[in-house]
Undergrad: 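Got a structure for you, questions after.
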Amino acid sequence: MSKRILVVGGVAGGASAAARARRLDEHAEIIVFERGPHVSFSNCALPYFLSRTVADSADLVMMDPAQFKKKYNIEVRTENEVIAINREEKTVTVKNLPDGNEYKETYDALILSPGGEPILPGAIEGIRNDNVFGIRNVADIAKLDAYIRDHKAEDIAVVGGGFIGCEIAENLVHAGYKVTLIEAMDQVMTPFDYDMAQILHKEMLDKGMTLIVKDGVKKIGSNVIELSSGRQVKADAVVMAVGIRPETTLAKNAGLAIGETGGIKVNANFQTSDPSIYAVGDAIEVFNRLTCKPMRLALAWPAQMEARAAADHIYGIRNQQKGFIGSSVIRIFSLLAASTGLNEKAAKAAGIPFEIAYVIPSDKVSLMPDAHPIHVKLVFETPTGRLLGAQAIGKGEADRRIDVIAALISMDGTLEDLKNMELCYAPVISTAKDAVNMAALVGLNLLHGVYRQVPLTNVRELVESNACIVDVREPGEYNAGHLLNAINIPLSQLRQRMEEIPKDRPVYLHCRSSQRSYNAIMALQHCGFDNLYNIAGSYLAICLYEYPQDVLFNREKIVTAYNFK
Ligand SMILES: Cc1cc2nc3c(=O)[nH]c(=O)nc-3n(C[C@H](O)[C@H](O)[C@H](O)COP(=O)(O)OP(=O)(O)OC[C@H]3O[C@@H](n4cnc5c(N)ncnc54)[C@H](O)[C@@H]3O)c2cc1C
């Protein structure tokens with residue numbers, strides 16, 4: 001007898017699971033239930049309709065039920081909500097939303113991919129106003145777009161600085177609106193550490209966005225919102241992007257186990273606590289292979305990967321479940337920002353001993369007109385050198401650098417592996433020693449105690465405590481902007497001026513990007529100095545780190561002038 005496979009949710013995970021099941025079994029009866037009006041749409045491209053990068057909201061829908069039937073012989077029932085799972089009889093109860101009729105369907109295997117719903121915090125006064133939007137599907141983005149056009153909105157507030165909030169905010173800026181991005185935490189984009197997030201903050205400020213951090217929304221009115229600090233922000237429309245809540249009601253009511261992170265608990269084959277029911281996508285929790293703890297990973301690629309694995313398992317194909325590390329990328333105006341694995345914060349929270357390497361090489365040979373700095377922060381375990389995570393930000397291919405590191409992390413790679421990684425090179429594409437090779441070399445130096453470093457997050461304190469800071473850039477660079485109390489001993493004069501460097505107290509060296517200061521430290525150490533620290537990231541990273549905080553928190557500068565080149 002042919003199998004009957006029912007799928008709840010017809011987008012990233014659901015549509016993928018159904019299509020995979022069909023490829024494995026031509027005779028199965030496969031039915032997909034979708035509460036909304038569309039299936040198989042590109043959630044990830046939704047923000048790009050606001051800027052008309054995607055010209056028509058209809059273009060966001062990739063396949064309709066008729067095409068599913070024709071191409072895959074899969075029955076798709078839109079506007080049909082599964083309202084109960086009856087595990088004893090292996091049926092689901094479905095509500096046909098247009099006419100309200102309820103009916104039952106039997107299953108041999110059930111795949112849940114219900115996703116997550118945008119959180120609209122009830123404590124915010126006015127959260128249910130007509131001018132407040134959560135974005136999840138094509139109807140939501142079309143509704144927001146129509147509202148801001150019909151109401152001739154000028155000022156729009158986006159609440160939440162995660163992926164969705166940042167992408168919506170950027171597209172609204174491109175569409176010509178005055179955008180305020182409000183984030184309750186001290187930074188946007190939590191896959192990045194606080195220091196790396198400042199580069200993104202600067203980009204947002206540079207591109208004319210108003211950025212507010214460390215402040216929450218208290219009250220939403222028709223044209224203004226009030227923040228917890230009392231600050232008032234003009235906003236004709238408000239997009240809430242403070243996170244999603246996994247849709248677990250159906251699973252909970254059916255008595256399926258829910259994990260400690262609030263997602264549906266699944267095993268290595270994506271089976272729930274009931275072996276004939278699978279769950280995938282934003283609604284589940286997955287196993288983090290680095291922390292060995294459960295985590296939620298609400299992204300499109302895991303949903304599709306899990307969906308395939310679930311369908312495979314129904315047909316006896318085993319999936320080697322190695323756990324997830326969480327790789328992601330976002331474009332914020334001219335920058336690509338990518339990350340994988342654990343950042344510094346996460347490694348600390350997981351209690352893993354670690355060190356970081358921070359390099360800012362050129363992404364291409366610097367003679368090339370489109371060469372730009374690329375910031376790479378690598379997190380590795382000590383003393384093993386096992387790679388734990390990385391973040392890269394730049395105008396060039398940050399994603400490619402992170403993909404390489406992600407591949408190594410998923411194979412338990414170390415700094416040595418990354419150092420020896422053979423990567424493609426041509427001057428218009430990269431550098432002979434790629435940014436990720438360089439990050440590994442710095443990491444190995446630190447691991448082997450070749451020199452010591454201090455993080456750029458310590459620099460303000462060093463300046464304020466009048467520590468001995470030596471700037472080894474050339475005089476022209478120093479004069480264009482330097483740390484308030486830094487003395488200038490250029491690398492080119494170092495060997496003649498060593499006696500100016502004290503031996504009786506710690507000395508902190510920097511240049512533009514820590515490479516020349518590394519050379520200076522090596523020369524000095526060979527001459528008996530043992531009190532030296534390289535400032536990770538150096539002047540470029542210090543300026544990028546300090547500037548947004550100085551602007552946002554109205555702080556005193558610790559530099560004579562910023563220099564972002
Ligand atoms: C604006 C936006 C931008 C994004 N950008 C990116 C990106 O750039 N990169 C990335 O990796 N990820 C991105 N994501 C996240 C990605 O889209 C999700 O992780 C992915 O879609 C999750 O797939 P899913 O199948 O779990 O849920 P979804 O794709 O959300 O599908 C779940 C579907 O199930 C339906 N449903 C729920 N309950 C029922 C029920 N009881 N009966 C019937 N139907 C039901 C819902 O209506 C929904 O349509 C973005 C998401 C959004 C909203």
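By convention here, the first residue in the shown sequence is residue 1. Whatever order the structure lists ligands and atoms in, that order sets their numbers, starting from 1.
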Undergrad: Can you check whether L6 reaches I111 side chain to side chain, under 4.5 Å on heavy atoms?
TA: no
Undergrad: Is there a donor-acceptor contact under 3.5 Å linking the side chains of N73 and K69?
TA: yes
Undergrad: Establish, yes or no, whether the cationic atom of K345 lies under 6.0 Å from the six-membered ring centre of F192 and within 45° of the ring axis.
TA: no
Undergrad: Restricting to side-chain hydrogen bond (donor to acceptor under 3.5 Å, both in side chains), what partner residues turn up for T53, sequence neighbours left out?
TA: S51
Undergrad: Is the closest side-chain donor-acceptor distance between D274 and T272 under 3.5 Å?
TA: no
Undergrad: Would you tabulate the polar-atom pairs, meaning N/O of ligand 1 against N/O of the protein, with distances under 3.5 Å, reported to 0.1 Å?
TA:
unit_1   : atom_1 : unit_2 : atom_2 : d
ligand 1 : 11 (O) : A300   : N      : 2.8
ligand 1 : 12 (N) : A300   : N      : 3.2
ligand 1 : 19 (O) : D282   : OD1    : 2.7
ligand 1 : 19 (O) : D282   : OD2    : 3.3
ligand 1 : 19 (O) : L299   : N      : 3.2
ligand 1 : 19 (O) : L299   : O      : 3.2
ligand 1 : 19 (O) : A300   : N      : 3.4
ligand 1 : 21 (O) : N43    : ND2    : 3.2
ligand 1 : 25 (O) : G13    : N      : 2.8
ligand 1 : 25 (O) : S113   : OG     : 2.7
ligand 1 : 26 (O) : D282   : N      : 2.8
ligand 1 : 29 (O) : A12    : N      : 3.3
ligand 1 : 29 (O) : N43    : ND2    : 3.2
ligand 1 : 41 (N) : V82    : O      : 2.9
ligand 1 : 42 (N) : V82    : N      : 3.0
ligand 1 : 44 (N) : R35    : N      : 3.0
ligand 1 : 47 (O) : E34    : OE2    : 2.6
ligand 1 : 49 (O) : E34    : OE1    : 2.9
ligand 1 : 49 (O) : E34    : OE2    : 3.0

Undergrad: Using the ring of each side chain (for Trp, its six-membered ring), is F33 parallel, tilted or perpendicular to Y103, with breaks at 30° and 60°?
TA: tilted
